[in-house]
Colleague: 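Would you mind keeping the following structure in view while I ask a few things?
These numbers come from a predicted model, not from an experiment. For ligands, and for the atoms within them, numbers begin at 1 and follow the listed sequence.
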Amino acid sequence: MNKQPCRAWLPFLAEDVPPQCDAPVKVAEFELKTGCAALGVSAPELRLDHAMGDGYAVAVEDGKTVITGGDAGALYGAYAWLMAMAVGEAAPEGEQNPFYGLRMLNAWDNADGTIERGYSGRSLWFEGGRLSWDGARLRQLARMLASVGLNVLCVNNVNVKGEAAQLIEDELPELARLAAVFRPFGVRLMVSIDFSRPLVHGVGTADPLDEGVRRWWQERAEAVWRAIPDLAGFLVKADSEHRPGPFTYGRSHADGANMLARAIAPHGGILVWRAFVYNCQQDWRDQKTDRPMAAYETYAPLDGQFDDNVILQVKHGPFDFQVREPVSPTLYAMPNTRLAMEVQLAQEYTGHQIDLYAMNPLWRELADELPPGGVAAVAAVGNLGRDDNYTGHPFAAVNLYGFGRYAWNPFVEPENVIRRWARLTYRLPDTQEDALVHLLLSSREIYEKYTAPLGLCWMVRPGLHYGPNPSGYEYDAWGTYHRADRNGVGIDRTSEGTGYAAQYPPRERERYEALETCPDRLKLFFHRLPYDYRMSDGRTLIQRIYDDHFEGCAEAERMAETLRTLDLPEPERSEAFRRMELQLANAREWRDVINTFFHRLSGVGDEKGRKIYD
Ligand code: GCU
C-alpha cells in the first residue's frame, strides 16, 4: 500500500473494499455503508433497475432518499450522492445519464514498468515485463475511476513494446485476474495490440486480407474472450510513428480495422483504431506537405466503410496535444463513422505535471466547437502512476476527476468541476477555496501565454517536450515548422497556402480563413503574419508576443504568491511549493527565450522597454 494516505476527492477511501464486493451493486452498498458512517449521515435505499444501464435516479420518497440505477448506474448514483453529502449539498435529485457511452482512460504503461509520457512514477500494474500490482491500491484507484463514471481502462501503451504483446498470449491469465480487480467497479479492461503479431507466430504476413491472418486473429480473439468475457476490446496504433499497419500491404485502414473488428465482434468487443497517422519523416525543405492535414486525408475518404464495432479515435487537434490547436477537421468529416475524441491528461506538452494546467476549460471549449452528435465516445491518455498521490502534482488529480465529469457531461461548467474537486479534496476556508479555484481555472491561459504564442505550437525542447527551444523542431523530420524569419512567422494554411482550412465545413473554414474572424489565439496556426500585423485589439503581433510572455510569467509569479496563502495539508503543501518553484523557473526561461528569439529575428524592441536579452 502507498506510504502516504491518498487524499483523493473521495473522502471515504480509508477502508478497503472487501472481497465479497464482486459486483458494482455490492460495491455501491459497501460505499454507502462506510461512506455514510464516515460522513455521519443516514444511508439511502439502493434499488437496482438493470434497464437503466449506466444511468441512475435519485429521489426523496417520504423523507427517505432512494437511489435507483442499472448495475454500474447504481454505483455511480451512490458516489454522486455521497460526494454531494461530503460537501454538504442536498441530495442530487433527478435522473442522470452519461453523454458518452464509452468513457475511456488509455494508460501508456509499458510492460517493463515505465510509462510513456508518464510524470507520476512507474506503472501501477506492470513490472519487469509482467503484470504485478498492489491489490488495495488498485481497488482504491478503481473506486476513484468509478466515482466519476469512467468505464474502460486500456492497460498498455499504444506503442506495444516488448512483453506487452504477451497480454493476449502467455500473460492472459494475469490479465484476467487484473480484469477481476476492476470489474466490481464497472471498469472494463481494453488492450493495445500489435498489428503485426501474426508474423511472430509464423503466419508469414500481417496482411489484413490474408486468410491465415484473419484466422490467427479469430483464434486469438476466441482465447482472449474465453479468459475475459467482458473485455471491452482492442486498441490499435497502426502505420504511425514506425508502428506496423495495413499500408505495408497496400491495404486501407478500413481493411485493417474491419479485419480485427470482425474477429472480435462475435464476442461483443469493440475495435478502437487511432487516427494519429502522419509522415514523421518529412523533409523540412518540403513546403507542400502540411502535417495537420494528414489524418483527414487518410480517413475522411473512408467514412462509412468501417464496421459498426469500430471506433476511430481522433486526437482533439490535428497536431498532437499542443497547448492551442483548432478542433481536428477529421471530427467534422465522418458522419457515418463512430468517432472517439482523444484528449491527454498526461501533461506531455503542458507542463509535465510540474506546471499547473487544469484542463476542463480546454475541454469545454472543445465541447462548444464540436459538431452536435459528431463524437460517440471520449478517451484520455492517463496521468496516473505509482506516486503516493497517483498524479505526481497533487493538483493534477483535478484532471482525472475533471475528465470523468466531462465524459459524463461535456457541457459541465469548468469552474463547478474545479470547485467541487477542491472542496472534496481539501477543506479550505471559503476565501482560500476561491483562491485555489481561481489558480486552477486560470492555469491554462497563463501557461499558454508564457509558452508558444498564438497557435504556433512546437516551440518545446524536442523529445522531452518541457521547456523552450523555438527552433528545436524547425529543421527536423516531424512536420512541425513555424518558419519564423526576419519578416514574419507562421504557415499560411488558407486556400492561398497549404489548403488545410478547406478540410473544415464552410462555416469553420470561412471563420479561420478570414483574418478578421480567425480568433487571435489561433492566428498563427492558420496564417503567416508580419511582425507589424495589427491584432484585433490594435497591438502589433510582435508586441502581443512580448506582452503575453511578460504577463504570463508575471501571472505565474502571482500564482506562486496565492499558493503560499493556502493552508494545504502535508505532504501536498510542500510538494505543490516545490513544483511551483520549478514552474517559475520554467516560465522565466520560456519568457526570455521566446522574447529573445523574436527580438533577434524582428529587430523590434518592446514598446514598454522591459528587459529582453540580446
Ligand atoms: C506523441 C507522443 C508519443 C506518443 C504519440 C501517440 O507523438 O510524443 O510519445 O506515442 O504521441 O499519441 O501515439
Colleague: Answer yes or no: are there more than 12 heavy-atom neighbours, outside Asp485 itself, under 6.0 Å from its atom CG?
Modeller: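 Atom CG in Asp485 is crowded, with more than 12 foreign heavy atoms closer than 6.0 Å.
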
Colleague: Can you sort out which atoms of ligand 1 are near Glu116, meaning under 4.0 Å from one of its heavy atoms?
Modeller: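 That gives atoms 3 (C), 4 (C), 9 (O), 10 (O) of ligand 1.
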
Colleague: Could you tell me whether Glu342 and ligand 1 have an N or O pair separated by under 3.5 Å?
Modeller: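 In this structure, Glu342 places no N or O atom under 3.5 Å from an N or O of ligand 1.
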
Colleague: Starting from atom 1 (C) of ligand 1, which protein heavy atom do you reach first, and at what distance in Å?
Modeller: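 Its nearest protein heavy-atom neighbour is Asp320 OD2, 2.9 Å.
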
Colleague: Under 4.0 Å, heavy atoms only, figure out whether ligand 1 is touched by the backbone of Val381, its side chain, both or neither.
Modeller: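 The answer is neither; Val381 stays 4.0 Å or more away.
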
Colleague: Between Lys315, His465, Arg243, flag the one that comes closest to atom 11 (O) of ligand 1 by a heavy atom.
Modeller: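 It is Lys315 whose heavy atom sits nearest to atom 11 (O) of ligand 1.
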
Colleague: If you have a sec, work out which protein heavy atom is nearest atom 8 (O) of ligand 1 and how many Å separate them, to one decimal?
Modeller: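 Of every protein heavy atom, Glu348 OE2, 2.5 Å lies nearest to atom 8 (O) of ligand 1.
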
Colleague: What about Tyr278: any of its N or O atoms under 3.5 Å from an N or O on ligand 1?
Modeller: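 No, no N or O pair falls under 3.5 Å.
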
Colleague: Heavy-atom contacts with Phe276 under 4.0 Å: which atoms of ligand 1 show up? List them by number with element.
Modeller: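 So the answer, numbered in order with elements, is 5 (C), 6 (C), 7 (O), 11 (O), 12 (O), 13 (O).
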
Colleague: Decide whether the shortest distance between a heavy atom of Arg274 and an atom of ligand 1 is less than 4.0 Å.
Modeller: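 The answer is yes: ligand 1 sits under 4.0 Å from a heavy atom of Arg274.
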
Colleague: Specify whether Tyr100 and Tyr406 have parallel, tilted or perpendicular ring planes, treating 30° as the upper limit for parallel and 60° as the lower limit for perpendicular.
Modeller: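 Geometry flag for Tyr406 against Tyr100: tilted rings.
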
Colleague: Closer than 4.0 Å to some heavy atom of Lys237 - which atoms of ligand 1 meet that?
Modeller: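 Under 4.0 Å from Lys237, ligand 1 has these atoms: 5 (C), 6 (C), 10 (O), 13 (O).
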
Colleague: Quick one: closest heavy-atom pair of Phe597 and His482, and the distance?
Modeller: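 Taking every non-hydrogen atom into account, CZ-CE1, 3.7 Å.
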
Colleague: Answer yes or no: does an N/O atom from Trp108 fall short of 3.5 Å to an N/O atom of ligand 1?
Modeller: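 No; the residue has no nitrogen or oxygen that sits under 3.5 Å from a nitrogen or oxygen of the ligand.
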
Colleague: Atom OG of Ser132 and atom CZ of Phe126: how far apart are they, to the nearest 0.5 Å?
Modeller: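 Ser132 atom OG to Phe126 atom CZ measures 10.5 Å (nearest 0.5 Å).
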
Colleague: Quick one: does Arg528's side chain have a donor or acceptor within less than 3.5 Å of a partner on Arg483's backbone?
Modeller: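 Yes.
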
Colleague: Just do the side chain to side chain contact (heavy atoms under 4.5 Å, CB included) check on Asn383 and Tyr119 with the steps written out, would you?
Modeller: CA-CA 7 Å; Asn383 59 354; Tyr119 311 106; over 6 Å; no

Colleague: If the test is ring pair (Phe, Tyr, Trp, His ring centres under 6.0 Å), which one of Trp478, Trp458, Tyr278 qualifies with Phe319?
Modeller: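 For Phe319, the ring pair (Phe, Tyr, Trp, His ring centres under 6.0 Å) test succeeds with only one of Trp478, Trp458, Tyr278, which is Trp458.
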
Colleague: In the protein, what heavy atom is nearest to atom 5 (C) of ligand 1, and what distance, to one decimal place, separates them?
Modeller: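 Sorting protein heavy atoms by distance from atom 5 (C) of ligand 1 puts Glu241 OE1, 3.4 Å first.
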
Colleague: Taking the six-membered ring for Trp, are His352 and Tyr357 closer than 6.0 Å centroid to centroid?
Modeller: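 No: the rings miss the under 6.0 Å criterion.
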
